Amino acid sequence: MSTTTMKYAVTDSLMMLRRSLLHIVRYPSMTLPLIIGPILFLFLFVYVFGGTLGAGLDGSSGGRADYVNYVTPGILLLTVAGAATATAVSVATDMTQGIVARFRTMSIFRPSLLTGHVLGSVIQTLLSVVVVLGVAMVIGFRPNANPAEWLAALGILTMLIFAITWVAVIMGLVSDTVETASNLPMLLMLLPFFGSGFVPTDSMPGWLAAIAENQPFTPVMETLRGLLMGNEMGNSPWIAMAWCLGITAAAFAGSVALLNREPGR
């Protein structure tokens, strides 16, 4: 890529990022559910199920105090998965209302149409994660991480957000309607439940534990618990980064290919 092309790529991507951020500000109804939903799940699992589920955690005294420390990483990833809906809907809206067709006739860096959505969604999701994390700390989440561990936790979360956001972009591109785009990301929201988000995988039947331990969300959650709570991480950080990088690369390539596909094909 030449220097001139790189310059246009950056300039156009920043322009599309500004457009995406303006949409987020003007339509807060797309952001509020990203925060309210995970907070309701947090209250539900801590205050309704926490006493019982906390008693089943290995190496703990049991109860809500231990369970809120265990479940918070799962809630944070539920926030990330839920944010995919807003991204898919935003992309599908552009695709179905003709704005992309207009952009195709203009001299702009085509992938910037997508990178603007992605960067805006990453910012939106990170802000949602911060709010949910703040609520978790208010109700008893007590991490013991140092600044370097907090920075590492932010890094792994950002990598996952990038990966999931690019997957959501593909969902928006392949959707014929906005309604379809709003439903497809629901599959992503199941992953924290079918992982170690709410109960340890060793409490599951063997076949389900195998699925839970070999999906992308589980190593991320175990890495967050290790960084924030001092739990044993093993090779979870490396597996988590491999999942995130692989998903991001594949979803980015697929998104660009779909965007460049001629209409009607």
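Note that this is a predicted model, so its numbers are computed, not measured. Hydrogens, waters and symmetry mates play no part in the numbers below; they use all other heavy atoms, side chains included.
Minimum interatomic distance between P73 and L224 (heavy atoms only, all atoms of both residues): CB-CB, 4.1 Å. Nearest heavy atoms, A212 versus G195: CB-CA, 3.7 Å. Shown here for E232 and G234, the closest heavy-atom pair between the two residues is OE2-N, 3.3 Å. Closest approach of V91 to V169, counting heavy atoms only: CG1-O, 3.9 Å. Here the closest heavy-atom approach between residue L228 and residue F141 is recorded as CD1-CZ, 4.2 Å. Across all non-hydrogen atoms, the minimal contact from G74 to P192 is O-CB, 4.2 Å.
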Using the side chain to side chain contact (heavy atoms under 4.5 Å, CB included) rule, take V130 and L126 through it: C-alpha gap first, then chi angles, then the decisive distance, then the call. CA-CA 6 Å; V130 169; L126 283 172; 5.6 Å; no
Evaluate the side chain to side chain contact (heavy atoms under 4.5 Å, CB included) criterion for residues L78 and M189: first the C-alpha distance (whole Å), next the side-chain angles of each, then the deciding distance (0.1 Å), finally the verdict. CA-CA 6 Å; L78 194 64; M189 297 187 66; 4.3 Å; yes
Test log, rule side chain to side chain contact (heavy atoms under 4.5 Å, CB included), inputs M171 and V167: CA-CA 6 Å; M171 292 179 175; V167 172; 3.9 Å; yes
Pair F43, V135 - check side chain to side chain contact (heavy atoms under 4.5 Å, CB included), show working. CA-CA 10 Å; F43 287 162; V135 173; 4.1 Å; yes
Full working for side chain to side chain donor-acceptor pair (under 3.5 Å) between S121 and T87: CA-CA 6 Å; S121 296; T87 305; 2.8 Å; yes
Candidate pair T177 and T180, rule side chain to side chain donor-acceptor pair (under 3.5 Å), full reasoning: CA-CA 5 Å; T177 64; T180 300; 3.0 Å; yes
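With 3.5 Å as the limit, one finds a donor-acceptor pair spanning the side chains of T201 and E213.
Counting non-hydrogen atoms of neighbouring residues, nucleotides and ligands closer than 6.0 angstrom, the CH2 atom of W238 reaches no more than 12 such neighbours.
Expressed to the nearest 0.5 Å, how far CE of M137 lies from OG1 of T72 amounts to 9.5 Å. Distance CG/L76 to OG1/T125: 12.0 Å, rounded to 0.5 Å. In this structure, CD in E222 is found 14.0 Å from CZ in F217, a value given to the nearest 0.5 Å. Rounding to the nearest 0.5 angstrom, the gap separating the CG atom in N146 from the CH2 atom in W150 is 11.0 Å. The line from CD1 of I39 to CG of L44 is 13.5 Å long, rounded to the nearest 0.5 Å. Here the CZ-CE distance, from R142 to M229, works out to 10.0 Å after rounding to the nearest 0.5 Å.
S90 contributes no side-chain N or O that, together with a main-chain N or O of A86, makes up a donor-acceptor pair within less than 3.5 Å. The backbone N or O of Q124 lies less than 3.5 Å from a partner atom in the side chain of S128, making a donor-acceptor pair. Judged by distance alone, with hydrogens and angles left aside, the side-chain atoms of R64 form a donor-acceptor pair with the main-chain N or O of V46 at under 3.5 Å. With T52 contributing its side chain and F49 its backbone, the two residues share no donor-acceptor pair below 3.5 Å. Remark: side-chain polar atoms of T79 are paired, donor with acceptor, to backbone N or O of I75 under 3.5 angstrom.
The aromatic ring centroids of F41 and F198 lie 6.0 Å or more from each other.
Looking at heavy atoms from C-beta onward, I156 lies out of side-chain contact with P237 at the 4.5 angstrom threshold. For the pair V199 and F193, the minimum side-chain heavy-atom distance is 4.5 Å or more. Side-chain contact check for M241 versus P219: every heavy-atom pair is 4.5 Å or farther apart. Put simply, the side chain of I139 reaches to within 4.5 Å of the side chain of Y47, judged on heavy atoms. Here the side chains of W166 and I247 are not in contact, with every heavy-atom distance at 4.5 Å or above.
The hydrophobic cluster containing L227 also includes M233, under a criterion of side-chain heavy atoms closer than 4.5 Å among ILVMFWY residues, counted directly or through chains of members.
Residues V122 and L245 share a single hydrophobic cluster, defined by chaining ILVMFWY side chains whose heavy atoms lie under 4.5 Å apart. Each of I211 and L187 belongs to its own hydrophobic cluster when Ile, Leu, Val, Met, Phe, Trp and Tyr are linked at side-chain heavy-atom distances under 4.5 angstrom.
By the 30° and 60° cut-offs, the orientation of the rings of Y67 relative to Y70 is parallel.
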